[in-house]
Amino acid sequence: MGYGVAMHTRAYRHMSAEERETLSLGLAGGHSLRTMARVLGRAPSTVSRESARNTTRGRPYRACTAQVQAAARACQPRRPRKLLDPWLWQYVRTHLAEGCSPEPIAGRLRRAYPDDMRKQLSAETIYVGLYVLPRGTLRSALLAALRQARKARRPRARGTDRRGQIPNMTPIAERPAEVATRTVPGHWEGDLIKGARNGSAVGTLVERTTRLVILAKMNGTDATSARAGFTKKLRHVPPCCGKP
(Lines give C-alpha, C1' and ligand atoms only; values in the text may rest on other atoms or scores of the structure.)
Protein backbone atom coordinates (compact mmCIF):
# COMPACT_ATOMS: atom_id res chain seq x y z
CA MET A 1 0.00 0.00 0.00
CA GLY A 2 1.04 3.62 -0.27
CA TYR A 3 2.00 3.54 -3.93
CA GLY A 4 0.85 6.11 -6.45
CA VAL A 5 -1.05 5.32 -9.63
CA ALA A 6 0.61 5.55 -13.03
CA MET A 7 -1.65 7.20 -15.59
CA HIS A 8 -0.98 7.82 -19.28
CA THR A 9 -3.23 10.05 -21.34
CA ARG A 10 -3.06 11.01 -24.99
CA ALA A 11 -5.00 13.86 -26.56
CA TYR A 12 -7.45 12.78 -29.26
CA ARG A 13 -6.66 13.89 -32.81
CA HIS A 14 -8.58 13.36 -36.01
CA MET A 15 -7.26 11.04 -38.67
CA SER A 16 -5.06 12.41 -41.43
CA ALA A 17 -5.67 11.82 -45.14
CA GLU A 18 -2.86 9.25 -45.19
CA GLU A 19 -4.39 7.33 -42.28
CA ARG A 20 -7.77 7.34 -43.97
CA GLU A 21 -6.21 5.94 -47.14
CA THR A 22 -4.52 3.14 -45.18
CA LEU A 23 -7.79 2.36 -43.40
CA SER A 24 -9.69 2.28 -46.70
CA LEU A 25 -7.23 -0.14 -48.28
CA GLY A 26 -7.20 -2.36 -45.20
CA LEU A 27 -10.97 -2.60 -44.96
CA ALA A 28 -11.22 -3.27 -48.67
CA GLY A 29 -8.75 -6.11 -48.16
CA GLY A 30 -11.01 -7.72 -45.57
CA HIS A 31 -9.18 -6.65 -42.40
CA SER A 32 -11.19 -5.87 -39.29
CA LEU A 33 -11.41 -2.47 -37.61
CA ARG A 34 -9.43 -3.79 -34.65
CA THR A 35 -6.66 -5.02 -36.94
CA MET A 36 -6.50 -1.66 -38.70
CA ALA A 37 -6.36 0.06 -35.32
CA ARG A 38 -3.18 -1.88 -34.54
CA VAL A 39 -1.73 -1.05 -37.96
CA LEU A 40 -2.43 2.66 -37.51
CA GLY A 41 -1.38 2.73 -33.89
CA ARG A 42 -4.81 4.06 -32.94
CA ALA A 43 -7.39 3.09 -30.36
CA PRO A 44 -10.05 0.70 -31.74
CA SER A 45 -12.73 3.18 -30.66
CA THR A 46 -11.12 5.91 -32.78
CA VAL A 47 -11.09 3.72 -35.89
CA SER A 48 -14.64 2.53 -35.25
CA ARG A 49 -15.86 6.13 -34.86
CA GLU A 50 -14.06 7.17 -38.03
CA SER A 51 -15.67 4.36 -40.00
CA ALA A 52 -19.16 5.04 -38.61
CA ARG A 53 -19.05 8.80 -39.16
CA ASN A 54 -17.59 8.79 -42.64
CA THR A 55 -19.19 5.81 -44.34
CA THR A 56 -22.12 6.40 -46.65
CA ARG A 57 -24.96 3.98 -45.95
CA GLY A 58 -24.84 0.97 -48.23
CA ARG A 59 -21.33 1.74 -49.50
CA PRO A 60 -17.87 0.71 -48.28
CA TYR A 61 -15.57 3.12 -46.48
CA ARG A 62 -13.57 5.26 -48.93
CA ALA A 63 -10.75 7.62 -47.96
CA CYS A 64 -11.69 10.37 -50.44
CA THR A 65 -15.32 10.43 -49.27
CA ALA A 66 -14.28 10.38 -45.61
CA GLN A 67 -11.89 13.29 -46.14
CA VAL A 68 -14.57 15.40 -47.83
CA GLN A 69 -17.12 14.70 -45.09
CA ALA A 70 -14.63 15.45 -42.31
CA ALA A 71 -13.62 18.72 -43.95
CA ALA A 72 -17.26 19.74 -44.32
CA ARG A 73 -17.96 19.10 -40.65
CA ALA A 74 -14.92 21.11 -39.63
CA CYS A 75 -16.32 24.15 -41.47
CA GLN A 76 -19.72 23.95 -39.78
CA PRO A 77 -20.32 26.57 -37.09
CA ARG A 78 -20.43 25.33 -33.54
CA ARG A 79 -23.65 25.35 -31.61
CA PRO A 80 -24.33 28.68 -29.92
CA ARG A 81 -23.58 28.85 -26.22
CA LYS A 82 -26.62 28.06 -24.09
CA LEU A 83 -25.99 31.07 -21.87
CA LEU A 84 -26.85 33.32 -24.81
CA ASP A 85 -30.46 32.39 -24.11
CA PRO A 86 -31.91 35.39 -22.20
CA TRP A 87 -33.98 33.26 -19.84
CA LEU A 88 -31.09 31.00 -18.85
CA TRP A 89 -28.72 33.94 -18.48
CA GLN A 90 -31.13 35.75 -16.15
CA TYR A 91 -31.69 32.56 -14.15
CA VAL A 92 -27.95 32.10 -13.62
CA ARG A 93 -27.41 35.77 -12.71
CA THR A 94 -30.25 35.73 -10.18
CA HIS A 95 -29.06 32.60 -8.39
CA LEU A 96 -25.42 33.71 -8.39
CA ALA A 97 -26.51 36.92 -6.70
CA GLU A 98 -28.30 34.81 -4.07
CA GLY A 99 -25.05 33.01 -3.23
CA CYS A 100 -25.42 29.83 -5.28
CA SER A 101 -22.44 28.34 -7.06
CA PRO A 102 -22.67 26.88 -10.59
CA GLU A 103 -23.04 23.28 -9.37
CA PRO A 104 -26.26 23.88 -7.37
CA ILE A 105 -27.62 26.09 -10.14
CA ALA A 106 -27.15 23.30 -12.68
CA GLY A 107 -28.76 20.83 -10.27
CA ARG A 108 -31.79 23.07 -9.72
CA LEU A 109 -32.35 23.37 -13.46
CA ARG A 110 -32.21 19.58 -13.92
CA ARG A 111 -34.73 19.03 -11.14
CA ALA A 112 -37.07 21.84 -12.23
CA TYR A 113 -37.02 20.98 -15.96
CA PRO A 114 -36.13 17.27 -16.26
CA ASP A 115 -37.73 16.91 -19.69
CA ASP A 116 -36.58 20.18 -21.25
CA MET A 117 -32.92 20.08 -22.30
CA ARG A 118 -33.14 23.67 -23.52
CA LYS A 119 -33.48 24.79 -19.90
CA GLN A 120 -30.62 22.69 -18.54
CA LEU A 121 -26.98 23.66 -18.14
CA SER A 122 -23.88 21.93 -16.85
CA ALA A 123 -21.79 23.63 -14.19
CA GLU A 124 -18.90 23.79 -16.66
CA THR A 125 -21.05 25.69 -19.16
CA ILE A 126 -21.83 28.27 -16.49
CA TYR A 127 -18.18 28.66 -15.52
CA VAL A 128 -17.13 29.06 -19.16
CA GLY A 129 -19.89 31.59 -19.77
CA LEU A 130 -18.81 33.70 -16.82
CA TYR A 131 -15.11 33.73 -17.60
CA VAL A 132 -15.55 34.66 -21.26
CA LEU A 133 -17.49 37.81 -20.36
CA PRO A 134 -15.74 41.03 -21.40
CA ARG A 135 -14.08 43.03 -18.66
CA GLY A 136 -16.46 45.32 -16.84
CA THR A 137 -18.65 45.82 -13.82
CA LEU A 138 -20.99 42.92 -14.64
CA ARG A 139 -18.14 40.43 -15.05
CA SER A 140 -16.51 41.55 -11.80
CA ALA A 141 -19.78 41.32 -9.90
CA LEU A 142 -20.61 37.83 -11.15
CA LEU A 143 -17.12 36.45 -10.57
CA ALA A 144 -17.12 37.96 -7.09
CA ALA A 145 -20.29 35.96 -6.40
CA LEU A 146 -18.40 32.70 -6.96
CA ARG A 147 -17.09 31.07 -3.82
CA GLN A 148 -13.45 31.34 -4.88
CA ALA A 149 -13.96 34.67 -6.66
CA ARG A 150 -10.99 34.28 -9.01
CA LYS A 151 -10.52 36.80 -11.81
CA ALA A 152 -9.36 34.07 -14.20
CA ARG A 153 -9.70 30.31 -14.32
CA ARG A 154 -6.61 28.34 -13.51
CA PRO A 155 -5.91 25.15 -15.43
CA ARG A 156 -6.18 21.99 -13.39
CA ALA A 157 -2.56 21.14 -14.11
CA ARG A 158 0.24 23.39 -15.22
CA GLY A 159 3.29 21.20 -14.77
CA THR A 160 1.99 19.74 -11.49
CA ASP A 161 -1.40 18.70 -10.19
CA ARG A 162 -2.62 21.06 -7.48
CA ARG A 163 -5.10 18.59 -6.05
CA GLY A 164 -4.47 16.67 -2.80
CA GLN A 165 -0.93 15.39 -2.62
CA ILE A 166 0.32 12.46 -0.52
CA PRO A 167 3.44 13.49 1.42
CA ASN A 168 6.52 11.33 0.77
CA MET A 169 4.56 9.12 -1.63
CA THR A 170 6.48 6.27 -3.22
CA PRO A 171 5.96 6.30 -7.04
CA ILE A 172 4.43 3.12 -8.38
CA ALA A 173 7.39 2.68 -10.74
CA GLU A 174 9.74 2.35 -7.75
CA ARG A 175 7.94 -0.49 -6.01
CA PRO A 176 10.02 -3.66 -5.45
CA ALA A 177 10.07 -6.33 -8.13
CA GLU A 178 8.45 -8.84 -5.77
CA VAL A 179 5.42 -6.55 -5.58
CA ALA A 180 5.20 -5.95 -9.31
CA THR A 181 5.48 -9.65 -10.18
CA ARG A 182 3.14 -10.81 -7.37
CA THR A 183 5.60 -13.52 -6.34
CA VAL A 184 5.54 -12.80 -2.60
CA PRO A 185 2.27 -12.59 -0.62
CA GLY A 186 1.60 -9.82 1.84
CA HIS A 187 1.38 -6.79 -0.44
CA TRP A 188 -2.01 -5.11 -0.44
CA GLU A 189 -3.69 -2.53 -2.65
CA GLY A 190 -6.28 -0.26 -1.08
CA ASP A 191 -8.98 1.93 -2.57
CA LEU A 192 -12.23 3.67 -1.62
CA ILE A 193 -15.67 3.28 -3.15
CA LYS A 194 -17.45 6.54 -2.39
CA GLY A 195 -21.18 7.06 -2.17
CA ALA A 196 -23.35 9.91 -3.39
CA ARG A 197 -21.80 13.34 -2.84
CA ASN A 198 -18.87 11.66 -1.06
CA GLY A 199 -21.11 11.18 1.97
CA SER A 200 -20.04 7.61 2.67
CA ALA A 201 -17.33 5.18 1.65
CA VAL A 202 -16.39 1.51 1.68
CA GLY A 203 -12.72 0.55 1.63
CA THR A 204 -11.41 -2.28 -0.54
CA LEU A 205 -8.24 -4.25 0.11
CA VAL A 206 -6.81 -6.66 -2.49
CA GLU A 207 -3.86 -8.95 -1.76
CA ARG A 208 -1.78 -8.92 -4.93
CA THR A 209 -0.70 -12.58 -4.92
CA THR A 210 -3.79 -14.45 -3.70
CA ARG A 211 -6.23 -11.79 -4.99
CA LEU A 212 -8.06 -11.98 -1.66
CA VAL A 213 -10.57 -9.12 -1.42
CA ILE A 214 -11.62 -7.51 1.86
CA LEU A 215 -14.25 -4.82 2.31
CA ALA A 216 -13.86 -2.35 5.16
CA LYS A 217 -16.61 -0.14 6.56
CA MET A 218 -15.60 3.52 6.85
CA ASN A 219 -16.99 6.07 9.28
CA GLY A 220 -16.03 8.86 6.88
CA THR A 221 -14.17 9.58 3.65
CA ASP A 222 -11.06 11.22 5.16
CA ALA A 223 -7.63 9.66 5.63
CA THR A 224 -8.15 9.06 9.35
CA SER A 225 -11.33 7.06 8.73
CA ALA A 226 -9.63 5.05 5.99
CA ARG A 227 -6.71 4.18 8.24
CA ALA A 228 -9.00 3.12 11.08
CA GLY A 229 -11.21 1.02 8.80
CA PHE A 230 -8.32 -0.76 7.09
CA THR A 231 -6.47 -1.35 10.38
CA LYS A 232 -9.54 -2.96 11.95
CA LYS A 233 -9.95 -5.38 9.04
CA LEU A 234 -6.26 -6.28 8.71
CA ARG A 235 -6.14 -7.35 12.35
CA HIS A 236 -8.25 -10.36 11.39
CA VAL A 237 -6.13 -11.42 8.39
CA PRO A 238 -4.51 -14.86 8.92
CA PRO A 239 -0.70 -14.89 9.03
CA CYS A 240 -0.58 -16.81 5.75
CA CYS A 241 -2.11 -13.82 3.98
CA GLY A 242 0.19 -11.28 5.62
CA LYS A 243 3.85 -10.54 5.03
CA PRO A 244 6.16 -13.53 5.65
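Excluded from the calculations below are hydrogen atoms, water molecules and symmetry mates; all remaining heavy atoms, backbone and side chain alike, are included.
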Where do Q69 and N54 come nearest, in terms of heavy atoms and distance?
OE1-CA, 3.0 Å

Does W87 share a hydrophobic cluster with V92, counting links as ILVMFWY side-chain heavy atoms below 4.5 Å and allowing steps through other members?
yes

Taking side-chain hydrogen bond (donor to acceptor under 3.5 Å, both in side chains) as the cut-off, I'd like each qualifying pair that reaches into residues 224-235, sequence neighbours left out, listed once.
D222-S225

Sorted by chain and residue number, the side-chain hydrogen bond (donor to acceptor under 3.5 Å, both in side chains) partners of Q90 (sequence neighbours excluded) come out as T94

Between T210 and E207, is there a side-chain donor-acceptor contact under 3.5 Å, judged purely by atom types and distance?
yes

Just how far is it from atom CZ of R93 to atom CG of L88, taken to the nearest 0.5 Å?
13.5 Å

When every non-hydrogen atom of A201 is compared with those of T221, the smallest separation belongs to CB-CG2, 3.7 Å

So do the side chains of E103 and I126 get within less than 4.5 Å of each other, counting heavy atoms only?
no

Show which side-chain atoms of residues 30-39 pair as donor or acceptor with protein atoms under 3.5 Å away, not counting sequence neighbours.
from: S32; atom 1: OG; to: T35; atom 2: N; distance (Å): 3.1
from: S32; atom 1: OG; to: T35; atom 2: OG1; distance (Å): 2.9

Checking Y61 now: which residues fulfil side-chain hydrogen bond (donor to acceptor under 3.5 Å, both in side chains) with it, not counting sequence neighbours?
E50

Co-membership, hydrophobic cluster, residues W89 and M117, 4.5 Å side-chain
no

Taken to the nearest 0.5 Å, the spacing of T65 OG1 from R59 CZ works out to 7.5 Å

For the hydrophobic clusters of this structure (ILVMFWY residues joined by side-chain heavy atoms under 4.5 Å, transitively), does one cluster hold both L27 and L25?
no

CD on Q120 to OH on Y113, rounded to 0.5 Å
10.5 Å

Please name all residues satisfying salt bridge (charged side-chain N to carboxylate O under 4.0 Å, His left out) with D116, sequence neighbours left out, ordered by chain then number.
R118

Can Y91 and K119 be said to form a side-chain contact (heavy atoms from CB on, under 4.5 Å), step by step?
CA-CA 10 Å; Y91 187 97; K119 291 187 177 181; over 6 Å; no

Can you list everything that forms a side-chain hydrogen bond (donor to acceptor under 3.5 Å, both in side chains) with Q67? Sequence neighbours excluded, please.
R20

Does any part of the side chain of E18, heavy atoms only, come nearer than 4.5 Å to the side chain of T22, both counted from C-beta?
no

Closest heavy-atom pair, M15 versus V47, reported as atoms and distance to 0.1 Å, is CE-CG2, 3.7 Å

Quick one: pull up OG1 in T55 and CZ in R53 and give me the separation to the nearest 0.5 Å.
11.5 Å

In this structure, OG1 of T204 is separated from CD of E189 (nearest 0.5 Å) by 9.0 Å

Can you find a pair of side-chain heavy atoms, one from W188 and one from R208, that are under 4.5 Å apart?
no

Beyond-backbone contact of V202 with L192, side-chain heavy atoms, under 4.5 angstrom:
no

G229 to A216 - nearest heavy-atom pair and separation
O-CB, 3.7 Å

Nearest heavy atoms of A123 and A106, plus distance in Å
N-CB, 3.7 Å

Taking atom CD1 of I214 and atom CG of L234, what is their separation to the nearest 0.5 Å?
6.0 Å

Under a 3.5 Å cutoff, is there a donor and acceptor pairing between the side chains of S48 and S51?
no

Is it possible for you to say whether F230 and L215 belong to one hydrophobic cluster, with membership spreading through side-chain heavy-atom contacts below 4.5 Å?
no

Decide side-chain hydrogen bond (donor to acceptor under 3.5 Å, both in side chains) for E21 and S24; before the verdict, give the C-alpha distance in whole Å, the side-chain angles of both, and the deciding distance to 0.1 Å.
CA-CA 5 Å; E21 183 64 32; S24 177; 5.3 Å; no

